[in-house]
Amino acid sequence: MNKKYLAKIKRFLIEKKDELLNKANAAQRNINSEDITVGDEIDTARQNSDKEMFFELAAADKITLNAVNDALVKIEKNIYCTCECCGEKIPVKRLKAIPWARYCIKCQGEAEKS
Ligand SMILES: [Zn+2]
């Protein structure tokens, strides 16, 4: 992987990090400013399912944010594109699809199985 491409990925990761942090901040503001009102039952049920969706999304975002942070550390340490499990090179094609991928396809497959 050449330096120019690595710089491009780094920029992309930083942007992604900012995007996720902004999203987290906006969500935080939403929670703080949320008015607790007593609606009818249907309304309350709908609000609850919206909230569950939000928390699921937030959890997925958190995982991505961690992976993005780790990818940035790996760039600094010059070990970006190395699988965290077997130490093999992660194919560039895979990193183009998921720049914050931690594992090669083989190890990812193993992790998902267990
Ligand atoms: Zn691997």
Side-chain angles (χ1 to χ4, degrees):
M1 184 174 289
N2 63 45
K3 270 193 173 164
K4 210 172 158 188
Y5 185 65
L6 200 61
K8 205 173 138 187
I9 285 191
K10 194 176 169 181
R11 257 203 319 276
F12 178 82
L13 287 168
I14 289 168
E15 274 171 25
K16 184 77 189 170
K17 189 177 160 178
D18 281 350
E19 183 197 312
L20 289 167
L21 287 176
N22 283 336
K23 215 166 149 182
N25 284 337
Q28 196 63 46
R29 271 200 302 277
N30 252 337
I31 289 168
N32 290 340
S33 67
E34 197 172 84
D35 284 331
I36 299 162
T37 51
V38 183
D40 59 42
E41 253 173 65
I42 296 162
D43 249 17
T44 312
R46 191 176 49 84
Q47 278 171 7
N48 281 346
S49 78
D50 281 354
K51 244 182 211 171
E52 274 161 31
M53 285 279 291
F54 163 74
F55 278 117
E56 262 173 50
L57 185 76
D61 281 347
K62 227 172 154 180
I63 291 167
T64 308
L65 186 60
N66 276 336
V68 168
N69 275 330
D70 287 351
L72 284 165
V73 170
K74 282 169 86 178
I75 289 174
E76 292 305 317
K77 287 185 178 169
N78 257 326
I79 54 165
Y80 184 71
C81 75
T82 307
C83 173
E84 287 178 25
C85 180
C86 67
E88 292 288 321
K89 285 249 183 287
I90 302 173
V92 174
K93 205 177 137 193
R94 175 164 166 77
L95 290 169
K96 274 183 180 168
I98 315 163
W100 50 85
R102 293 175 188 274
Y103 309 115
C104 66
I105 292 165
K106 196 174 148 259
C107 293
Q108 185 73 53
E110 299 284 319
E112 276 163 13
K113 253 186 269 171
S114 59

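Keep in mind it's a predicted model, so treat the numbers as computed, not measured. Counting begins at 1 with the first residue of the sequence.
- A distance of 4.0 Å separates CG of Asp61 from NZ of Lys23, quoted to the nearest 0.5 Å.
- Between the CG atom of Asn66 and the CD1 atom of Ile63 there is a distance of 8.0 Å, given to the nearest 0.5 Å.
- No path of Ile, Leu, Val, Met, Phe, Trp and Tyr side chains, each step under 4.5 Å between heavy atoms, connects Tyr103 with Ile90, placing them in separate hydrophobic clusters.
- By the 4.5 Å heavy-atom criterion applied to side chains, Lys4 and Lys8 are not counted as neighbours.
- Closest approach of Gly87 to Thr82, counting heavy atoms only: O-CG2, 3.3 Å.
- Annotation: side chain of Lys89 is not in contact with side chain of Arg94 (no heavy-atom distance under 4.5 Å).
- Note on Leu20: it does not cluster hydrophobically with Phe12, by side-chain heavy-atom contacts below 4.5 Å among ILVMFWY residues.
- Cluster membership check: Tyr5 shares its hydrophobic cluster with Ile98, using side-chain heavy-atom separations under 4.5 Å among Ile, Leu, Val, Met, Phe, Trp and Tyr.
- Residues Leu65 and Trp100 fall into different hydrophobic clusters, defined by Ile, Leu, Val, Met, Phe, Trp and Tyr side chains chained together at heavy-atom separations under 4.5 Å.
- The shortest side-chain heavy-atom distance between Leu6 and Lys10 does not fall under the 4.5 Å cut-off.
- Once rounded to the nearest 0.5 Å, the distance linking OG1 of Thr64 with CD of Glu19 reads 10.0 Å.
- Counting only heavy atoms from C-beta outward, the side chains of Glu88 and Lys106 never approach each other to under 4.5 Å.
- Ile75 contributes atom CD1, which lies 11.5 Å from atom CG of Asp70 (distance to the nearest 0.5 angstrom).
- No path of Ile, Leu, Val, Met, Phe, Trp and Tyr side chains, each step under 4.5 Å between heavy atoms, connects Val73 with Leu13, placing them in separate hydrophobic clusters.
- Summarising the geometry, atom NZ belonging to Lys74 is positioned 7.5 Å from atom CZ belonging to Arg102; distances are rounded to the nearest 0.5 Å.
- A pairwise comparison of heavy atoms in Pro99 and Ala71 identifies O-CB, 4.3 Å as the closest pair.
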